[in-house]
Enquirer: 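Pasting a structure here, questions to come.
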Amino acid sequence: MSPDKPKSAPKPTPKSRELQARLRAAYPDARCALDHMDPFQLVVATILSAQCTDARVNLTTPALFARFPDAKSLAAGRLDEIEALIKSTGFFRNKAKNLLGLGQALMARHGGQVPSDPDELGALPGVGQKTANVVLANAFGVPALAVDTHIFRVARRLGLSKATTPEKVEADLCRAFPREDWIELHHQLIFHGRRVCDARRPDCAACPLLDLCPTGLGKIKDPHLGVKLLVPDRPEALVLTGASSLRPQALPAGEEGARGDFASEASRRSPRNMSTPQRIVSLVPSVTELLVQWGLGARLVGRTRYCIEPRWIRNSVPTVGGTKDPDLARIRDLAPDLVILERDENPKAVAEALTALGLPWMALEIRTVKEAVAGLRELGERLGVADQAEGRAKALEAMLKGRKRKGPRTLTLIWKEPWMSAGPDTYVGDLIRHGGLTPIGPDRYPTLTDEDLAALNPQIILLPTEPYRFNRRHQTELQKRFPDARVELVDGQALTWYLSRTEAGLELVKDLS
């Protein structure tokens with residue numbers, strides 16, 4: 001069941017050591033994305049994950065495990081009932097047969113327990129090499145390195161393997177990295193593939209591995225897309241400026257270096273090339289508040305209508321429309337020497353339009369609390385208040401120290417009709433994790449049905465007062481629907497306003513955990 005491995009322990013190369021160090025720094029929270037409590041739940045969830053997202057599996061398994069908590073109950077289950085519970089994961093008929101066979105095989109051969117022997121594990125219905133490796137690593141701590149679509153793509157882009165099958169890529173990775181690092185590396189590469197090295201639009205400008213990546217540097221064609229990626233003008237500046245995140249575009253070979261794309265503009269308009277701005281338009285509410293906290297309110301010449309804190313700016317700083325659809329003509333007339341954006345809040349088209357108008361801009365990406373720390377430092381340097389920013393960044397880092405416990409399963413709703421939530425891979429999800437709770441739900445900002453909410457089986461439901469104005473009535477209604485959960489109405493600005501209120505958000509969540 002294991003891939004071909006070298007007869008002697010591999011000797012890490014300088015590149016592999018550097019890659020591992022950067023991955024550890026970038027993804028300290030890397031972990032198995034499938035929710036599980038024991039080896040049985042993990043093997044079932046991994047079987048369901050074939051041709052299905054982990055987020056969808058995590059929505060499906062709470063109801064499945066409530067009905068079939070162990071191998072004995074699964075072995076006695078009806079095929080049609082299993083099919084109904086897992087239908088949303090795709091290929092449900094075949095998966096249901098495998099799950100029924102899995103339960104029966106575990107009872108007949110292993111006393112209802114999942115075996116830790118690779119050969120015995122691989123002989124179970126529905127368990128192939130990838131599934132066996134995932135279970136061995138995450139349930140039993142046996143070094144293994146399962147190669148999924150993310151790892152396959154990332155490993156080949158980084159030049160760690162030229163192989164064309166997952167099995168051969170796995171063997172190459174096992175040769176390149178020490179055995180004791182395989183489990184950690186598996187999760188780190190998956191996180192990197194999901195958060196940065198996207199299949200269609202890799203975010204090379206924000207990549208912590210850019211200078212080690214032959215694909216990102218344009219030295220080779222992207223093995224996944226078959227084209228060369230646009231090379232940033234100054235990759236060293238982009239690596240150092242970790243909070244900026246502007247996507248390069250994949251171009252046909254021979255067209256590299258065209259002006260106007262996000263990566264080129266991020267490099268050309270980096271803080272190292274521009275004087276300290278004195279006329280700032282902020283399209284991000286929390287950044288607007290942060291600038292006032294830093295004593296830079298006099299430099300603000302424009303804001304969105306959602307930039308409402310502190311209250312005095314509502315009467316003194318002109319508005320330029322919304323975050324998604326700002327009034328570009330109004331921004332141009334204000335003649336700013338810097339416009340500040342954030343990738344999730346402001347569309348790419350806004351940055352492109354600002355470039356066309358010849359207006360300088362910078363874009364942050366804040367999806368984790370540590371990226372908020374980096375964002376403080378980047379803004380401080382760009383705006384000429386580096387010392388002030390450094391003091392706040394260090395204070396925030398101090399709050400993040402200490403071991404994080406895995407607290408109650410927490411769902412954060414951000415909208416109603418339809419229900420929407422903030423997923424584990426968002427800033428809110430990471431804030432919750434650092435505060436001692438366990439964020440649940442699909443990644444990003446998914447729409448959820450009533451059935452999805454029930455399937456998630458949350459222990460805590462958070463109702464922030466923005467962006468949707470949840471109130472006591474909503475809290476009471478949800479508490480009736482989820483009598484076993486705690487439904488908490490919380491300060492939306494503390495929970496969602498990064499940079500200016502991250503400290504308040506951490507304190508809020510810690511008080512709830």
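Along the sequence shown, residues carry numbers from 1. Please read these numbers as outputs of a predicted model, since none were measured by experiment.
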Enquirer: Please list, chain by chain and in numerical order, all residues satisfying salt bridge (charged side-chain N to carboxylate O under 4.0 Å, His left out) with D80, sequence neighbours excluded.
Expert: R78
Enquirer: Please report the closest heavy-atom contact between I47 and G126, naming both atoms and the distance.
Expert: CG1-O, 3.5 Å
Enquirer: Using a 4.5 Å cut-off on heavy atoms from C-beta on, say whether the side chain of K480 contacts that of T476.
Expert: yes
Enquirer: So, using ring-ring contact (aromatic ring centres under 6.0 Å, His included) as the criterion, who are the partners of F191 when residues are at least two apart?
Expert: none
Enquirer: Kindly indicate, with the supporting measurements, whether the criterion side chain to side chain contact (heavy atoms under 4.5 Å, CB included) is fulfilled by L145 and I183.
Expert: CA-CA 6 Å; L145 214 168; I183 297 176; over 6 Å; no
Enquirer: Could R305 and D327 be called an ion pair, given the rule that one side-chain N must be under 4.0 Å from one carboxylate O?
Expert: no
Enquirer: Checking side-chain polar atoms at under 3.5 Å, does T131 have a donor or acceptor matched by the opposite partner on T46?
Expert: no
Enquirer: Please enumerate all residues that pass ring-ring contact (aromatic ring centres under 6.0 Å, His included) together with Y498, with sequence neighbours excluded.
Expert: Y427
Enquirer: Sequence neighbours excluded and cut-off under 3.5 Å, please list the side-chain donor-acceptor pairs for residues 313-323, or say none.
Expert:
unit_1, atom_1, unit_2, atom_2, d
R314, NE, I308, O, 2.7
R314, NH2, I308, O, 3.0
R314, NH2, E309, OE2, 3.3
S316, OG, W312, O, 3.1

Enquirer: Nearest 0.5 Å please: distance from the CG atom of L341 over to the CG atom of N346.
Expert: 4.5 Å
Enquirer: Taking the six-membered ring for Trp, are H192 and Y27 closer than 6.0 Å centroid to centroid?
Expert: yes
Enquirer: Go through the steps to decide whether E477 and R473 satisfy the test salt bridge (Lys or Arg N to Asp or Glu O under 4.0 Å), and finish with yes or no.
Expert: CA-CA 6 Å; E477 291 173 355; R473 177 172 58 83; 3.3 Å; yes
Enquirer: In the structure I gave you, are the side-chain heavy atoms of T412 and P464 within less than 4.5 Å of one another anywhere?
Expert: yes
Enquirer: Can you check whether T438 reaches P408 side chain to side chain, under 4.5 Å on heavy atoms?
Expert: no
Enquirer: Enter the distance from L99:CG to I86:CD1 here, rounded to the nearest 0.5 Å.
Expert: 5.0 Å
Enquirer: From D54 CG over to D35 CG, what is the distance, rounded to the nearest 0.5 angstrom?
Expert: 9.0 Å
Enquirer: Pair D203, R195 - check salt bridge (Lys or Arg N to Asp or Glu O under 4.0 Å), show working.
Expert: CA-CA 8 Å; D203 198 352; R195 296 182 178 181; over 6 Å; no
Enquirer: Walk me through whether R24 and D181 qualify under salt bridge (Lys or Arg N to Asp or Glu O under 4.0 Å).
Expert: CA-CA 11 Å; R24 284 188 179 120; D181 292 340; 3.2 Å; yes
Enquirer: Could you go step by step and tell me if H224 and F152 meet the ring pair (Phe, Tyr, Trp, His ring centres under 6.0 Å) rule?
Expert: CA-CA 9 Å; H224 183 74; F152 183 75; 8.4 Å; no
Enquirer: How would you list all residue pairs meeting side chain to side chain donor-acceptor pair (under 3.5 Å) that involve residues 92-118, not counting sequence neighbours?
Expert: none
Enquirer: Which value, rounded to the nearest 0.5 Å, describes the distance between L456 atom CG and T410 atom OG1?
Expert: 11.5 Å
Enquirer: Does atom CG (D387) have a neighbourhood of more than 12 heavy atoms from anything else shown, all under 6.0 Å?
Expert: no
Enquirer: Given side chains that start at C-beta, do those of E507 and M399 come closer than 4.5 Å, heavy atoms only?
Expert: yes
Enquirer: Would you please say whether a donor-acceptor pair under 3.5 Å links the side chains of W182 and N133?
Expert: no
Enquirer: Looking only at non-hydrogen atoms, find the nearest pair between F470 and I414 and report the distance.
Expert: CE1-C, 3.9 Å
Enquirer: Would you say K394 has more than 12 foreign heavy atoms packed within less than 6.0 Å of its NZ?
Expert: no
Enquirer: Contact between P336 and I331 at the side-chain level, heavy atoms closer than 4.5 Å - yes or no?
Expert: yes
Enquirer: Would you check if E345 and P285 make a side-chain contact, meaning some heavy-atom pair closer than 4.5 Å?
Expert: yes
Enquirer: Test of understanding: with salt bridge (charged side-chain N to carboxylate O under 4.0 Å, His left out), list the residues that count as partners of D430, not counting sequence neighbours.
Expert: R433
Enquirer: Restricting to non-hydrogen atoms, name the atom on A63 and the atom on L85 that form the minimum distance, rounded to 0.1 Å.
Expert: CB-CD2, 4.3 Å
Enquirer: I'd like to check the salt bridge (charged side-chain N to carboxylate O under 4.0 Å, His left out) partners of E83; sequence neighbours left out, ordered by chain and number.
Expert: none
Enquirer: Sequence neighbours left out, what pairs pass side chain to side chain donor-acceptor pair (under 3.5 Å) with at least one residue falling in residues 287-297?
Expert: S282-T288, E289-S500, E289-R501, Q293-R392
Enquirer: If only side-chain N and O atoms count, and only distance matters, is there a donor-acceptor pair under 3.5 Å linking N138 with H187?
Expert: yes
Enquirer: Would one find more than 12 heavy atoms of other residues, nucleotides or ligands at under 6.0 Å from atom NZ of K72?
Expert: no
Enquirer: Could you tell me which residues satisfy side-chain hydrogen bond (donor to acceptor under 3.5 Å, both in side chains) with Q188, sequence neighbours excluded, listed by chain and number?
Expert: Q20, E184
Enquirer: Any side-chain to backbone donor/acceptor pair from Q479 onto Q475? Under 3.5 Å, distance only.
Expert: no
Enquirer: Drop me the distance from L478's CG to L462's CG, to the nearest 0.5 angstrom.
Expert: 11.5 Å
Enquirer: For D198 and R153: C-alpha separation, side-chain torsions, deciding distance, then whether salt bridge (Lys or Arg N to Asp or Glu O under 4.0 Å) applies.
Expert: CA-CA 9 Å; D198 184 79; R153 178 177 71 252; 5.9 Å; no
Enquirer: With side chains defined as the heavy atoms from C-beta onward, is the minimum distance between M420 and L413 less than 4.5 Å?
Expert: no
Enquirer: Under 3.5 Å, which donor-acceptor pairs link side chains of residues 440-449 to any protein atom two or more places apart or in another chain?
Expert:
unit_1, atom_1, unit_2, atom_2, d
R444, NH2, D344, OD1, 3.0
R444, NH2, D344, OD2, 2.7
T449, OG1, E451, N, 3.4
T449, OG1, E451, OE1, 3.3
T449, OG1, D452, N, 3.0
T449, OG1, D452, OD2, 3.2

Enquirer: Counting only heavy atoms not in K87 (residues, nucleotides, ligands), do more than 12 fall under 6.0 Å from its NZ?
Expert: no
Enquirer: Quick one: pull up OG1 in T89 and CG in L48 and give me the separation to the nearest 0.5 Å.
Expert: 5.0 Å
Enquirer: For a quick test of reading the model, state the closest non-hydrogen atom pair linking L400 to V373 and the distance between them.
Expert: CD1-CG2, 4.4 Å
Enquirer: Taking only residues two or more places apart in sequence or in another chain, which ones pass salt bridge (charged side-chain N to carboxylate O under 4.0 Å, His left out) with E397?
Expert: R377
Enquirer: Between L106 and V114, which heavy-atom pair has the shortest distance, and what is it?
Expert: CD2-CA, 3.9 Å
Enquirer: Determine whether the aromatic ring centres of H36 and F65 lie less than 6.0 Å apart.
Expert: no
Enquirer: Provide the closest heavy-atom pair for A372 versus T502 in the form atom of the first, atom of the second, distance.
Expert: CB-OG1, 4.1 Å
Enquirer: In the structure I gave you, are the side-chain heavy atoms of L396 and L376 within less than 4.5 Å of one another anywhere?
Expert: yes
Enquirer: Going by the rule side-chain hydrogen bond (donor to acceptor under 3.5 Å, both in side chains), which residues pair with Y306 if we only count those two or more places apart in sequence or in a different chain?
Expert: none
